[in-house]
Amino acid sequence: MTLNQHLTSSTIWRDYDLSEITERFRVKSPFGSKAGELELEARRFLWLSAKTKKELVPSELVDEYWHAMILNTATYRRYCEQSFGFFIEHSSGIPRSTDEAFAAYREAYRETLEFYELEFHNLPPAEIWPHPDRRLEERLARYKKPYRLHLETTNHCNLRCEHCYSESSNTEAHHDLHLIAAVLDEAKRLGVSKVTLTGGEVLSRPDWKEVFTKALDTCDNVYFITNGLLLTRKKLEWLTRQRAVRSLKKMETNIFQAYPYRYWSCY
């Protein structure tokens with residue numbers, strides 16, 4: 001088994017700026033917590049596809065990132081042209097037509113893993129590239145757990161918008177912090193990938209910092225829905241510091257896997 005050596009050994013495929021796609025994937029995808037790793041693995045997969053000039057098969061997670069690349073069509077086209085000299089078409093996914101087609105698909109996936117090890121001198125990471133014999137089982141396992149928690153933290157709000165779907169009231173007590181913490185602990189146990197904090201207005205809680213801290217301890221991707229009127233520079237600085245501290249703790253030494261920046265999403 002040999003790789004096509006006529007392809008340039010340029011590192012553009014590795015160095016081309018895909019940060020816009022990756023950060024959008026981090027925010028939008030249920031697998032956003034793995035955005036940095038999946039960017040690297042998608043780059044490697046496309047490099048292998050170009051070098052072998054074969055129709056290789058990505059893992060489901062790599063395919064998720066590949067889809068994100070294709071949605072940003074202009075960037076993906078430039079990436080392919082500058083890295084490989086030609087456009088790499090997206091494959092159609094798992095065939096459902098015949099047993100022979102499915103068997104060929106399985107074999108192409110095995111071959112992809114073999115090319116990966118040959119080119120990069122390492123086994124592909126099992127959490128992203130499952131073993132062919134366990135691939136279907138692991139794919140189904142991802143859908144047996146929730147990936148996002150939408151948590152109403154309070155009914156309090158500083159506005160009374162007629163169109164609001166939530167009936168806000170300042171007469172009721174804020175939802176109990178211990179109950180919120182218990183829900184977030186359960187979400188962490190189940191492997192939830194995203195948390196959205198909403199209300200009412202979450203920033204109307206006097207203990208909003210504790211709520212955010214607990215949410216950040218649950219997963220990487222935390223959103224909050226706010227009308228923005230209670231946001232201050234001081235609050236934004238506090239939120240930024242919390243994200244920065246956690247990001248720095250999770251930085252990895254491999255430059256391709258080190259993505260220290262995280263962003264808050266407000267609606």
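We number each residue from 1, following the sequence as shown.
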In this structure, are over 12 heavy atoms from other groups packed under 6.0 Å from Glu237 atom CD?
-> yes
Going by the angle between their ring planes, with limits at 30° and 60°, are Trp13 and Phe120 parallel, tilted or perpendicular?
-> tilted
Only one of Asp207, Leu184, Leu177 passes side-chain contact (heavy atoms from CB on, under 4.5 Å) with Lys214; say which it is.
-> Leu184
Leu197 backbone acceptor or donor facing Thr153 side chain under 3.5 Å = no
Under a 4.5 Å cut-off applied to non-hydrogen side-chain atoms, are Leu230 and Ser204 in contact?
-> yes
Considering all heavy atoms, the nearest Val57-Ala108 contact | CG2-CB, 3.5 Å
Given the rule that I, L, V, M, F, W and Y join up when any side-chain heavy atoms are under 4.5 Å apart, are Phe87 and Leu71 in one cluster?
-> no
Are Leu123 and Leu48 co-members of a hydrophobic cluster defined by side-chain heavy atoms under 4.5 Å apart?
-> no
Considering residues, nucleotides and ligands other than Lys235, do more than 12 of their heavy atoms fall under 6.0 Å from its NZ?
-> yes
Please confirm whether the backbone N or O of Arg14 pairs with a side-chain atom of Thr11, one donor and one acceptor, at under 3.5 Å?
-> no
Distance col, row Asp17:CG vs Arg78:CZ, nearest 0.5 angstrom, shows 10.5 Å
Show your reasoning for whether salt bridge (charged side-chain N to carboxylate O under 4.0 Å, His left out) applies to Glu186 and Arg189.
-> CA-CA 5 Å; Glu186 180 67 5; Arg189 186 186 70 80; 2.6 Å; yes
Between the OG1 atom in Thr196 and the CG atom in Leu149, the distance rounded to the nearest 0.5 Å is 8.0 Å
Distance col, row Lys51:NZ vs Phe115:CZ, nearest 0.5 angstrom, shows 11.0 Å
Take the angle between the ring planes of Trp208 and Phe212 and call it parallel below 30°, perpendicular above 60°, tilted in between.
-> perpendicular
Can the ring centroids of Tyr116 and Phe45 be said to lie less than 6.0 angstrom from one another?
-> no
Rounding to 0.5 Å, atoms CD (Glu111) and CD (Glu55) come to a distance of 11.5 Å
Would the number of heavy atoms belonging to other residues, nucleotides or ligands and lying under 6.0 Å from CZ of Arg233 be above 12?
-> no
Ser29 backbone acceptor or donor facing Lys194 side chain under 3.5 Å | yes
For His175 and Ile180, which heavy atoms make the closest approach, and how far apart are they?
-> O-CD1, 4.0 Å
Residue pair Thr226 / Glu201, side-chain donor-acceptor N/O under 3.5 Å = yes
Is the backbone N or O of His67 less than 3.5 Å from a side-chain atom of Tyr76, with the two atoms forming a donor-acceptor pair by type?
-> no
Same hydrophobic cluster for Trp47 and Phe86, using side-chain heavy-atom links shorter than 4.5 Å among ILVMFWY?
-> yes
Mind checking whether Phe25 and Phe31 have ring centres under 6.0 Å apart?
-> no
Closest non-hydrogen atoms of Ser193 and Asn221, given as atom of the first, atom of the second and distance, are O-CB, 3.6 Å
Minimal heavy-atom distance between Leu113 and Pro124, with the atoms involved, is CD2-CG, 3.8 Å
Steps toward salt bridge (charged side-chain N to carboxylate O under 4.0 Å, His left out) verdict (Arg44, Glu41) | CA-CA 5 Å; Arg44 287 180 166 179; Glu41 295 306 317; 3.7 Å; yes
To the nearest 0.5 Å, atom NE2 of His90 lies from atom OG of Ser49 at 10.5 Å
List the atom of Val62, the atom of Pro58, and the distance in Å for their closest heavy-atom pair.
-> CG1-CB, 3.9 Å
Closest non-hydrogen atom pair between Ile128 and Leu61, with its separation | CA-CD1, 4.1 Å
Side-chain contact test, heavy atoms from C-beta onward, threshold under 4.5 Å: evaluate it for Thr22 versus Tyr65 and give yes or no.
-> yes
Separation between CG of Leu18 and CD of Glu39, rounded to the nearest 0.5 Å | 5.0 Å
If two hydrophobic side chains count as joined below 4.5 Å and joins carry through other members, does Leu190 share a cluster with Val222?
-> no
Answer with yes or no whether the hydrophobic clustering places Leu203 together with Leu229; edges join I, L, V, M, F, W, Y residues whose side-chain heavy atoms lie under 4.5 Å apart.
-> no
Side-chain donor/acceptor of Arg205 to backbone N/O of His156, under 3.5 Å | no
